[in-house]
Protein chains: 2
Amino acid sequence: MLDATSSYNLMTDTSPVDNRSRRTPVDDRTGHRIVPDTTRRAARIPGNRYGNRPTMKDVAARAGVGLKTVSRVVNGEPGVTPETEHRVQEAIDALGFRRNDSARVLRKGRTASIGLVLEDLADPFYGPLSRAVEEVARAHGALLINGSSAEDPEREQELVLALCARRVDGLVVIPAGDDHRYLEPELKAGVATVFVDRPAGQIDADVVVSDNFGGARDGVAHLIAHGHRRIGFIGDMPRIHTAAERLRGYRAAMEDAGTAVQDSWMSLGVTDPERVRQAAEKMLADPQPVTAIFTGNNRVTVTVIRVLAEHPTDVALVGFDDIELADLLRPGVTVVAQDAAALGRTAAERLFRQLDGTLLAPERIELPTRLVTRGSGELPPAH
Amino acid sequence: MLDATSSYNLMTDTSPVDNRSRRTPVDDRTGHRIVPDTTRRAARIPGNRYGNRPTMKDVAARAGVGLKTVSRVVNGEPGVTPETEHRVQEAIDALGFRRNDSARVLRKGRTASIGLVLEDLADPFYGPLSRAVEEVARAHGALLINGSSAEDPEREQELVLALCARRVDGLVVIPAGDDHRYLEPELKAGVATVFVDRPAGQIDADVVVSDNFGGARDGVAHLIAHGHRRIGFIGDMPRIHTAAERLRGYRAAMEDAGTAVQDSWMSLGVTDPERVRQAAEKMLADPQPVTAIFTGNNRVTVTVIRVLAEHPTDVALVGFDDIELADLLRPGVTVVAQDAAALGRTAAERLFRQLDGTLLAPERIELPTRLVTRGSGELPPAH
DNA sequence: CCTGCATCTGACAACGTTGTCCAGGCTCTA
DNA sequence: TAGAGCCTGGACAACGTTGTCAGATGCAGG
């Protein structure tokens with residue numbers, strides 16, 4: 001694993017609630033007085049704390065003007081003669097001055113940054129989502145700070161609170177946990193928040209989700225329409241809202257078709273490839289094997305494709321989430337596609353509408369899914 | 001496109017150099033004095049600028065202690081009696097206080113955040129890279145701010161400078177441009193910087209790259225070893241270092257084999273699917289068509305796979321970058337794989353070593369690539 | 001009871017920026 | 001030439017936090 005034994009470690013102590021136990025008097029300073037900051041990078045020239053970055057004061061001194069005049073020039077405010085402005089600009093260029101946004105933020109109260117907490121940036125589903133959020137943020141002049149919760153509620157909370165401590169203007173959260181009451185003080189304090197992909201737990205907030213239930217129901221109904229009755233379902237832990245909704249859609253479709261679902265057809269909560277593989281193989285090895293499988297997310301789908309590729313008989317497959325190259329496989333993979341970018345974009349836009357102050361009551365926005373037929377979902381039952 | 005007509009727009013004016021022209025006296029304030037901040041979110045209770053967030057002062061007042069004592073409790077510093085600490089904790093919980101890291105940063109000089117500038121977060125290659133950087137950052141208690149340059153040098157610079165204005169402690173940059181002299185003042189000021197995937201231009205800095213040259217050469221040599229001589233190359237603009245290196249590898253392998261490369265075999269700088277498709281089709285329609293294609297990156301590979309899937313004769317293919325499901329296609333796609341996560345991890349670790357102050361001379365770290373044979377690269381020449 | 005010492009606490013300045021406000025110089029008019 | 005009004009520039013406080021330092025308190029020993 002990663003080790004962080006280095007001296008650079010600014011664990012941010014985000015939860016003032018829990019640090020009672022952390023009372024470790026780590027006075028790692030050397031008592032020396034001559035060197036006021038031992039953490040300063042060795043190569044730096046002594047100066048102020050940011051290396052030796054010039055400040056507006058330095059620029060002002062060099063240009064022979066007042067501090068505020070520099071501020072005016074830097075921010076393009078009116079009331080500076082071209083001459084003065086020119087002098088200031090020269091000083092800025094000569095010193096390599098760059099405004100310190102930390103100080104600016106402290107003064108202005110807005111950070112022009114928003115936080116995005118998602119599950120795993122390495123998951124191909126979240127890349128486009130994140131990118132979409134970023135584009136909207138960029139259009140509003142804001143930067144994006146993001147972090148992965150790794151599907152761990154505790155880590156999600158830790159991240160969210162760290163972002164709040166940074167005073168991000170808003171948060172886009174893909175929840176890992178199901179209880180977000182810890183966010184109440186933040187919401188009350190005016191942190192704009194939008195949940196995406198899954199709803200918030202225990203609190204009232206904006207949510208942008210896909211129609212997981214409807215999508216799964218349609219996907220399973222599609223299999224049923226092609227003659228399948230024994231349909232397997234492999235999905236994530238029902239603790240996760242999307243997984244639960246998709247399971248509900250599966251059950252609903254089966255019920256609509258008048259088919260009693262057998263426990264052995266369902267595998268819930270398995271997510272690592274090896275166990276997904278086992279689950280799929282078990283369903284297929286049953287004396288009454290499933291003739292089709294509905295998979296609850298992209299990762300499961302990929303693994304099941306691998307299993308089916310080795311399986312002697314044709315088994316139909318519909319997966320939730322689109323996957324790249326799905327059209328090039330033989331058969332092509334039929335999926336219930338959701339638009340990750342649209343989720344992100346919608347959420348971010350909603351967020352900035354909150355920030356504009358034109359805030360309405362919390363709303364739940366549901367985006368439709370789309371059944372993409374490519375072959376695997378149209379295979380007839382083998383038995 | 002996205003519009004940002006809303007009132008929330010804190011375009012951060014990152015370049016004091018260029019704002020001479022932006023002198024627009026936008027006094028959008030209402031002259032009213034009673035309401036000092038009209039941008040405040042409507043729903044908020046009037047208070048300080050962060051909604052009405054309590055400050056340490058408020059906590060101190062409520063707990064009946066001094067400001068500094070609150071600070072001590074929040075930071076787990078020693079020298080507070082359990083009684084006092086308890087009173088402070090109660091006040092913190094009651095008020096929902098959360099330390100303002102902006103102020104902390106201003107005081108301490110370190111932001112505990114690093115910036116990551118990459119090309120496109122939606123590209124499956126960068127997801128794992130970004131995630132790896134994030135994990136290292138997390139291990140060091142730092143947050144990750146990231147942005148996409150969309151392969152636009154100007155946008156890269158804009159982003160990097162915005163991050164510098166935030167005083168991120170360090171930068172991991174996947175360069176879009178080839179001139180990074182604009183970073184000189186920042187480097188001099190002590191901003192730790194590591195370039196990944198492609199080297200920096202015109203400045204001396206740490207770089208972590210894959211062995212693009214060697215990987216491409218081996219990939220093409222692999223095709224040659226399987227009997228191919230007329231081998232096409234489709235890659236990105238040679239302006240991009242990786243693309244140039246891979247092209248160089250292609251040429252080297254061809255030269256080693258004593259094969260003169262014909263211009264019609266190469267397509268450089270096409271990147272959007274439609275034009276890649278045209279380029280591939282043109283090579284295949286030649287009177288002396290290529291019998292194999294080497295593709296310069298994952299996106300090109302995917303498009304070429306589509307073209308080859310429709311093509312009547314078997315054409316061998318080796319692609320740079322691994323792609324998901326490559327093993328499930330028929331034939332499986334042979335690729336030169338680079339380890340995106342390792343790139344990110346290595347770069348981030350190097351960055352934090354810089355931040356530790358144990359700084360060495362700028363170094364170039366090259367990670368090996370791996371040829372993964374799956375079938376498409378082992379097809380014999382059809383002609 | 002006083003001194004010395006250790007422990008705990010809080011006043012104060014500083015971080016770098018921006019908002020407010022006033023001073024000084026200018027132009028224009030009477 | 002004086003006065004009004006405008007334009008430009010700068011002094012100052014404030015944002016919320018942390019480092020410094022000195023004061024207050026408690027306790028042991030003389």
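Hydrogens, waters and symmetry mates are skipped; everything else that's a heavy atom, side chains included, is used. The chains referred to below are lettered A, B, ... by the order of the sequence lines, with proteins before strands, and numbering in each begins at 1.
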Undergrad: Describe, in one word, how the ring planes of A/His180 and A/Phe195 are oriented to each other, choosing from parallel (under 30°), tilted (30 to 60°) and perpendicular (over 60°).
TA: perpendicular
Undergrad: Is there a side-chain contact between B/Ile174 and B/Val117 (heavy atoms, below 4.5 Å)?
TA: no
Undergrad: Nearest whole Å is fine: how far is D/dG9 P from A/His86 NE2?
TA: 15 Å
Undergrad: Among A/Val168, A/Thr193, A/Leu183, whose side-chain contact (heavy atoms from CB on, under 4.5 Å) with A/Val160 holds?
TA: A/Leu183
Undergrad: OP1 or OP2 of D/dT17 versus the side-chain N and O atoms of B/Lys57: is any pair under 4.0 Å?
TA: no
Undergrad: Is any side-chain N or O of A/Arg99 closer than 4.0 Å to OP1 or OP2 of C/dT18?
TA: yes
Undergrad: Is any side-chain heavy atom of A/Leu67 less than 4.5 Å from a side-chain heavy atom of A/Ser71?
TA: no
Undergrad: Using whole Å, what does the distance between atom C1' of nucleotide C/dT17 and atom CG of A/Asp58 come to?
TA: 13 Å
Undergrad: Roughly how many Å is it from CD in A/Glu77 to P in C/dT17, rounded to a whole number?
TA: 13 Å
Undergrad: Between C/dT17 atom P and A/Asp101 atom CG, what is the distance in whole Å?
TA: 9 Å
Undergrad: D/dT17 P sits how many Å from B/Leu106 CG, rounded?
TA: 12 Å
Undergrad: Before giving the answer on side-chain contact (heavy atoms from CB on, under 4.5 Å), spell out for B/Ser149 and B/Val173 the whole-Å C-alpha distance, their side-chain angles and the decisive distance to 0.1 Å.
TA: CA-CA 10 Å; B/Ser149 67; B/Val173 181; over 6 Å; no
Undergrad: Whole angstroms only, please: what is the CD-C1' distance between B/Glu83 and D/dG26?
TA: 13 Å
Undergrad: Are B/Asn75 and D/dT18 close enough that a side-chain N or O sits under 4.0 Å from OP1 or OP2?
TA: yes
Undergrad: Write down the protein N/O and nucleotide N/O pairs, taken from nucleotides 9-13 of chain C, whose separation is under 3.5 Å; answer none if there are no such pairs.
TA:
from, atom 1, to, atom 2, distance (Å)
C/dT9, OP1, B/Thr81, OG1, 2.9
C/dT9, OP1, B/Thr84, OG1, 2.3
C/dT9, OP2, B/Gly79, O, 3.4
C/dT9, OP2, B/Thr81, N, 3.0
C/dG10, OP1, B/Gly66, N, 3.4
C/dG10, OP2, B/Gly66, N, 2.6
C/dG10, OP2, B/Thr69, OG1, 2.7
C/dG10, O5', B/Gly66, N, 3.4
C/dG10, N7, B/Arg72, NH2, 2.7
C/dG10, O6, B/Arg72, NH1, 3.4
C/dG10, O6, B/Arg72, NH2, 3.4

Undergrad: As a test of understanding, state which of B/Val80, B/Val59, B/Thr55 forms a side-chain contact (heavy atoms from CB on, under 4.5 Å) with B/Val70.
TA: B/Val59
Undergrad: Nearest whole Å is fine: how far is D/dT18 P from B/Lys108 NZ?
TA: 7 Å
Undergrad: Specify the separation, in whole Å, of atom CE of A/Met56 and atom P of C/dG16.
TA: 12 Å
Undergrad: Say you draw a straight line from OG of B/Ser130 to CG of B/Asn146; how long is it, rounded to the nearest 0.5 Å?
TA: 5.0 Å
